[in-house]
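Remember, it's a predicted structure, so these values are computed and weren't measured experimentally. Below, all heavy atoms of this structure are taken into account, side chains as well, without hydrogens, waters or symmetry copies. The first residue of the sequence shown is numbered 1, and numbering continues consecutively from there.
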Amino acid sequence: MTLLREIFTGVGALLRGFGMILRRPKLFLLGALPPLITSILFLVALIALVAQIDPLVSWMTPFADDWSDGWATTVRVALGIVLVAASVLLMVIGFTTITLALGSPLYDKIAEEVEQELGDAPEPLDEPLLRSLMRALRISLTLILISVATAIPLFVAGFLPVVGQTVVPVVSTLVGGWLLGAELIGSAFERRGLLRLRDRFAGLRRRRLRSLGFAVPAFLLLSIPFVAVVVFPAATAGGTILARGLLPPTLPPRPGQAPLPGQAAPPRQSPQVGP
């Protein structure tokens with residue numbers, strides 16, 4: 001029961017995000033513009049990939065030309081599935097990165113309003129815009145590199161019968177959801193001085209099932225072209241809701257900021273900004 005409760009709590013964060021953003025139609029419509037632009041770009045790329053999947057797979061498997069039709073078809077279908085799954089993984093993470101970059105002020109506003117509605121909202125992080133952008137770029141590139149590094153063994157595993165058609169898509173979805181979750185909780189973590197990517201991963205690990213309960217449905221929805229236009233603003237709000245349940249019970253106050261209610265005040269220290 002505890003396991004199911006954690007999963008449903010994560011799903012509930014996404015659903016609450018929908019509820020919060022739909023009560024703000026103007027902010028919702030503005031927040032839908034960046035994913036609309038990126039959805040068009042990525043849909044074109046996905047259609048181009050699917051349209052060329054047969055010649056691409058044949059080009060990648062010249063060794064199967066002399067095999068029997070049954071074995072050659074099995075291997076090539078498995079490879080095609082893996083290529084599409086790996087591409088979707090990379091596209092969703094890239095889609096999230098580009099969309100957050102395009103609509104950064106809007107999504108910060110969504111996160112801020114969620115924080116204010118839930119209470120105990122910390123002040124936004126006060127730092128130069130260039131430093132903030134460079135940190136966001138560094139974290140996004142790191143997540144994309146992790147996606148690429150994950151896609152390579154999944155690509156190889158796709159040649160295995162049965163495993164390539166069952167286990168590989170599931171693992172791709174879990175990994176993609178996990179990395180997506182790290183993107184979407186970023187704003188709430190940064191408001192509390194947790195600026196490193198490792199801080200976000202540590203938060204996700206504190207409630208693994210809750211994190212996946214939020215991130216996997218969000219990942220699957222964002223992988224559907226144009227559905228992402230509706231989902232992305234809600235996922236941003238839901239990520240803020242999730243983040244508040246993942247934060248450690250004790251956080252060092254940022255310089256000039258009093259401890260949040262219910263938190264102890266450990267020795268003051270400077271935020272870490274590495275990935």
Side-chain angles (χ1 to χ4, degrees), residues 14 17-18 21 27-50 83-112 114 125 127 129-152 154 172-173 175-190 195-197 200-201 204 214-240 242-243 275:
L14 182 59
F18 273 101
I21 197 65
L27 193 59
F28 169 73
L29 291 174
L30 290 173
L33 289 177
L36 176 60
I37 296 171
T38 46
S39 288
I40 293 172
L41 296 175
F42 279 88
L43 178 61
V44 171
L46 185 59
I47 290 174
L49 173 65
V50 173
L83 278 175
V84 173
S87 298
V88 169
L89 186 155
L90 295 174
M91 284 183 179
V92 172
I93 299 303
F95 169 87
T96 305
T97 299
I98 295 172
T99 303
L100 286 173
L102 288 175
S104 179
L106 294 171
Y107 298 124
D108 285 344
K109 179 64 176 175
I110 290 174
E112 180 182 349
V114 171
L125 186 66
E127 68 173 342
L129 178 60
L130 180 59
R131 180 186 300 174
S132 175
L133 290 175
M134 292 302 295
R135 183 180 66 254
L137 178 61
R138 183 170 63 249
I139 288 176
S140 295
L141 288 175
T142 301
L143 289 172
I144 291 174
L145 288 175
I146 294 173
S147 300
V148 173
T150 303
I152 293 172
L154 291 176
S172 296
T173 301
V175 172
W178 190 264
L179 298 178
L180 175 66
E183 284 270 30
L184 294 175
I185 64 175
S187 179
F189 272 54
E190 289 179 359
L195 307 181
R196 301 172 299 178
L197 181 57
R200 302 186 195 183
F201 284 144
L204 293 172
F214 165 82
V216 168
F219 178 85
L220 292 173
L221 290 171
L222 289 175
S223 67
I224 304 173
F226 297 108
V227 172
V229 175
V230 178
V231 173
F232 201 92
T236 302
T240 303
L242 174 70

Side-chain (T99) to main-chain (T96) donor-acceptor, under 3.5 angstrom: no
Say you draw a straight line from [atom1] of [X] to [atom2] of [Y]; how long is it, rounded to the nearest 0.5 Å?
X: L49; Y: L83; atom1: CG; atom2: CG; result: 7.0 Å
X: I93; Y: L179; atom1: CD1; atom2: CG; result: 4.5 Å
X: L33; Y: F28; atom1: CG; atom2: CZ; result: 10.5 Å
X: F214; Y: I185; atom1: CZ; atom2: CD1; result: 9.0 Å
X: M91; Y: I98; atom1: CE; atom2: CD1; result: 10.5 Å

F42 and F95 aromatic ring geometry - parallel, tilted or perpendicular at 30°/60° bounds: perpendicular
Heavy atoms only: give me the nearest [X]-[Y] pair and the separation to one decimal.
X: A182; Y: L204; result: N-CD1, 3.8 Å
X: P233; Y: A32; result: CG-N, 3.9 Å
X: A218; Y: L14; result: N-CD2, 4.0 Å
X: A228; Y: P35; result: O-CB, 4.0 Å
X: A243; Y: A188; result: CB-CB, 3.5 Å

Evaluation steps, side-chain contact (heavy atoms from CB on, under 4.5 Å), between S140 and E183: CA-CA 8 Å; S140 295; E183 284 270 30; 3.8 Å; yes
Partner of S223 by side chain to side chain contact (heavy atoms under 4.5 Å, CB included), out of V92, V231, L46: V92
